[in-house]
Structures are given as C-alpha cells and as structure tokens.
Amino acid sequence: MNTDHARFDTRAIHAGQAFDPTTGAVIPPIYQTSTYVQDGIGGLRGGYEYSRGGNPTRDALEAQLAALEGGAHGLSFASGLAAEDALLRTVLAPGDHVIIGNDVYGGTHRLIRRVFGAWDVRDTTVDTSDLDAVRAAIEPATGVLWIETPSNPLMKISDVAALAELGHEAGLVVVVDNTFASPALQQPLALGADVVVHSTTKYLGGHSDVVGGALVFAAGRDELHDRVKFTQFAAGAVSGPFDAFLTSRGIKTLGVRMQRHSQNALAIARRLEEHAAIEQVYYPGLESHPGHELAARQMSGFGGMLSIALAGGGEAARRFAESTTLFQLAESLGGVESLVNYPSEMTHASVRGTEAEVPESVVRLSVGIEDVDDLLADIDQTLDRL
Ligand SMILES: *Cc1c(COP(=O)(O)O)cnc(C)c1O
C-alpha cells in the first residue's frame with residue numbers, strides 16, 4: 001500500500017507492512033534467517049544475500065521508520081548507541097569537532113567524549129536552547145551539531161528550525177535525537193534537520209521488551225544515507241529480525257500511546273507542581289516551563305517524560321525514587337508502564353564529574369499509560385512519605 005500521502009497514524013500502521021503475498025498473512029512474517037539461497041552464483045532473490053546486509057523484516061521496519069519521520073531512508077540498528085556510533089563514525093575523522101547539548105543522554109556524552117575522544121575527535125557541550133552559545137561554539141573543524149529536545153533529564157527545549165539554519169550556514173550535519181518526543185509529537189526533518197536518531201528501545205518499541213536504534217535521513221541526504229548504510233553493513237551493528245518485528249509492532253500504536261502518555265504526564269506534573277516538597281517540575285507542558293511556548297509551536301504534544309527537583313535535596317530525591325510503588329525504579333523510559341529513575345546515580349552516572357552532571361535533587365519519571373488515578377494515588381502516597 002502506498003502510504004506517502006496518508007496521515008501519521010495510518011503510516012505508522014501500514015508503511016512497510018504489506019501483507020504476505022504467498023499466504024495473505026496480514027502481518028508480514030519474521031524472516032528469522034541468516035542467509036538466502038541463490039539461483040546460480042549471484043542470482044539473488046529480491047536482492048537478499050546475507051542478513052547483515054539485508055533482511056526483509058528489518059527492511060519493513062526501516063520503511064516504517066522513514067515514513068514516520070517524513071524521511072527518505074531509515075536504518076535500523078542493534079541499539080540507539082549503535083545507530084549514533086555508525087552515524088558519527090561515518091561523518092567524523094580525527095581532528096574534527098562536535099557540538100552537543102549540555103544535557104544530552106549520558107550515553108551519548110560518554111560515546112562522544114570517551115570513545116570518539118580517544119580517536120582525537122573533540123567536543124564542546126553547550127546549552128542548545130541558547131542560539132548565541134551554539135553560534136559561539138562553532139569552529140572551522142566542527143562537523144556535527146547534535147541536538148536533543150526535549151533534553152534528558154531536564155526537559156530543556158531547543159529550537160530545531162533555528163539551530164538547523166545556523167548549522168547549515170556553517171556546513172554542519174544537523175542531528176536531532178528524537179527519542180523523548182517520538183515522531184508522533186515532533187518531526188525534526190520537517191524543521192530542517194538532516195538526520196533523526198532514535199533509541200527505539202523507548203517510545204517506538206514502547207513495551208520495554210526490545211533494545212534497538214534507528215537513523216532516519218531527510219530527503220536530499222541520499223549520499224549521507226548511502227555512506228552510513230555502508231558503515232552499518234561493514235561494521236555490522238544491525239537489528240535482528242525478531243527485534244525488528246517487535247519494534248514494528250510497537251510503532252503501530254505509537255500515536256495513541258503518545259496521546260495517553262502526554263495526558264497522564266500533564267496531570268502528574270500539575271499535581272507535583274502544587275506540592276511544597278517539590279522545588280521544581282521540569283515538564284514542557286506546564287506554562288511555567290521556560291520552553292513552553294517553543295514546545296507548543298514545535299511539538300504537537302508534550303510527551304510522557306518529566307523530571308522534578310526536590311526541595312529536600314539528594315536525600316529527599318532518593319527517598320522519593322525508592323517510595324513509589326506503581327512507578328517502578330528502573331533505568332530506561334518510554335514503555336507502557338511507569339518508571340522512576342534517579343539520574344545522578346543511574347542513567348547519568350557516566351557523566352558524574354563532567355559539565356553534564358545531573359543535580360542530586362533530581363528524579364525523572366517516565367509516565368506510562370496506566371489509569372491516571374492510580375498513578376496520581378501513587379504520587380500522593382509518595383509525597384506523604386517524604
Ligand atoms: C536510551 C537513549 C539512547 C541510547 O539508546 P540505547 O537503545 O540504550 O542504546 C539515546 N538517546 C536517548 C535520548 C535515550 O533515551
């Protein structure tokens with residue numbers, strides 16, 4: 001089915017997901033195979049040779065990913081960081097420089113600082129919500145501008161359209177990590193970004209049952225896609241067929257899940273904002289959030305992630321994170337179930353002692369799609385115990 005002109009939820013369900021022509025199976029089969037029989041040497045069927053190079057289940061997911069982000073090409077990887085690594089390895093060389101947000105996912109900071117740093121790639125961390133700071137950080141050797149919005153965990157909002165314009169004036173590859181918003185709420189390629197990155201482990205998969213990553217390339221970036229696809233093939237960090245299938249399955253409900261995540265998170269943000277034990281609530285859906293207006297312009301919803309700073313500091317934050325019951329204490333985010341995380345010692349432990357360090361008073365919530373009254377009751381009982 002050609003879904004090029006269909007709306008988002010239709011594309012999420014149908015792009016790349018044609019029924020099986022042999023049997024009529026509504027769901028395309030999982031091609032759990034490593035290799036493909038050839039009709040004589042070099043006589044490939046449908047171009048398939050070996051599953052590191054291509055697999056129909058992965059291809060189906062890649063078509064779906066491209067359609068979701070309004071891009072020309074998608075690539076599916078073994079994890080979000082594998083996707084980031086393949087992109088950066090393709091576009092950077094020793095001596096190059098990268099600009100990253102000062103509040104990005106800890107693993108992105110660690111990859112760029114420690115793995116690429118060892119290969120003589122330098123980085124500057126800046127507040128990407130400050131255009132002048134980004135402009136001032138650009139050097140002749142800069143190759144990549146890496147944006148994460150909303151950021152993790154402080155939910156800062158950066159202006160993708162303005163940053164893309166700024167980056168392109170300087171000849172940079174402009175990358176947006178769209179994991180937190182998901183394409184249901186934010187479309188960075190339409191705002192001018194060159195490449196979108198996902199940890200599909202989070203909202204796209206949506207059920208905390210698969211680790212995966214993705215890159216989606218804007219129309220007109222075919223050459224960049226071809227080079228990264230070669231890196232993926234040559235270095236090998238592809239997603240397996242079953243992981244690709246689970247991710248495709250999750251994506252089909254992305255639109256309705258993101259609506260519910262956003263509704264639940266807003267209700268919880270408002271409840272937390274009223275309480276004296278909470279010093280600050282970081283949620284772009286609140287009018288009090290400094291990025292609220294920009295988020296309302298650039299996103300079609302505010303998502304399921306929020307963070308709080310506790311007035312009682314680190315001790316109160318730890319107590320909060322260990323007192324919830326429905327919100328389970330775990331790394332990761334974006335699943336149907338609610339999770340609570342203590343960034344400074346969990347997701348962001350790797351950036352302790354760097355400029356990307358997260359304050360000890362901060363707790364991050366991934367608000368799931370359970371009944372909001374049960375979630376609010378859990379928040380209330382937790383606040384009572386502080
Ligand atoms: C989890 C995450 C990543 C890394 O993805 P993995 O699938 O864990 O490798 C990158 N960016 C953001 C915003 C994330 O939340």
Side-chain angles (χ1 to χ4, degrees), residues 61 65 69 74-89 98 100-116 125 128 144 146-158 160 175-186 188 193 195-216 232 235-240 243-244 246-247 250-251 254 258 261 265 282 284 299 303-307 330-335 339-343 346-351 356 358 362 364-368:
L61 170 58
L65 290 164
E69 291 284 2
L75 291 175
S76 168
F77 290 85
S79 72
L81 282 171
E84 297 185 14
D85 174 56
L87 173 63
L88 291 169
R89 237 195 289 194
V98 184
I100 55 176
N102 62 0
D103 183 21
V104 295
Y105 176 68
T108 300
H109 185 274
R110 178 178 55 199
L111 174 69
I112 291 173
R113 178 71 51 94
R114 307 224 347 232
V115 178
F116 284 87
T125 55
T128 52
V144 171
W146 191 282
I147 304 160
E148 198 179 307
T149 181
S151 71
N152 181 4
L154 296 181
M155 307 301 295
K156 268 189 234 149
I157 304 296
S158 297
V160 175
V175 183
V176 175
D177 184 334
N178 202 26
T179 299
F180 265 38
S182 92
L185 304 182
Q186 178 169 272
V195 186
V196 163
V197 176
H198 277 283
S199 171
T200 56
T201 314
K202 315 295 168 49
Y203 285 108
L204 296 191
H207 296 74
S208 305
D209 54 10
V210 61
V211 172
L215 299 174
V216 183
Q232 183 195 43
V238 295
S239 55
D243 289 357
L246 284 174
T247 307
I251 284 171
L254 181 67
M258 293 314 296
H261 281 296
Y282 305 92
M299 304 171 73
M305 297 301 299
L306 66 93
S307 292
E331 307 248 349
S332 202
L333 62 107
L339 298 177
V340 60
N341 164 52
Y342 186 51
M346 292 172 64
T347 48
H348 289 65
S350 69
V351 293
V358 177
V362 170
R364 189 186 77 183
L365 299 176
S366 173
V367 179

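Atoms within a ligand are numbered from 1 in the order they appear, just like the ligands themselves. Sequence positions, counted from 1, serve as the residue numbers for this chain.
- The ring-ring contact (aromatic ring centres under 6.0 Å, His included) search around His261 returns Tyr203, not counting sequence neighbours.
- With sequence neighbours left out, Ser350 forms a side-chain contact (heavy atoms from CB on, under 4.5 Å) with Arg110.
- In terms of heavy atoms, His348 sits closest to Pro153 at NE2-CD, 3.6 Å.
- With sequence neighbours excluded, the residues forming a side-chain contact (heavy atoms from CB on, under 4.5 Å) with Thr201 are Ser199, Val211, Ser332, listed by chain and number.
- Proximity of a side-chain donor or acceptor of Thr128 to a complementary backbone N or O of Gly101 within less than 3.5 Å is not detected.
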Could you give the N/O to N/O pairs under 3.5 Å linking ligand 1 and the protein, each with its distance?
| unit_1 | atom_1 | unit_2 | atom_2 | d |
| --- | --- | --- | --- | --- |
| ligand 1 | 5 (O) | Ser199 | OG | 3.0 |
| ligand 1 | 7 (O) | Gly80 | N | 2.9 |
| ligand 1 | 7 (O) | Ser199 | OG | 2.8 |
| ligand 1 | 7 (O) | Thr201 | OG1 | 2.8 |
| ligand 1 | 9 (O) | Gly80 | N | 3.1 |
| ligand 1 | 9 (O) | Leu81 | N | 2.9 |
| ligand 1 | 11 (N) | Asp177 | OD2 | 2.7 |
| ligand 1 | 15 (O) | Lys202 | NZ | 2.8 |

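- Looking only at distances, no side-chain donor or acceptor of Glu69 sits under 3.5 Å from a matching main-chain atom of Asn178.
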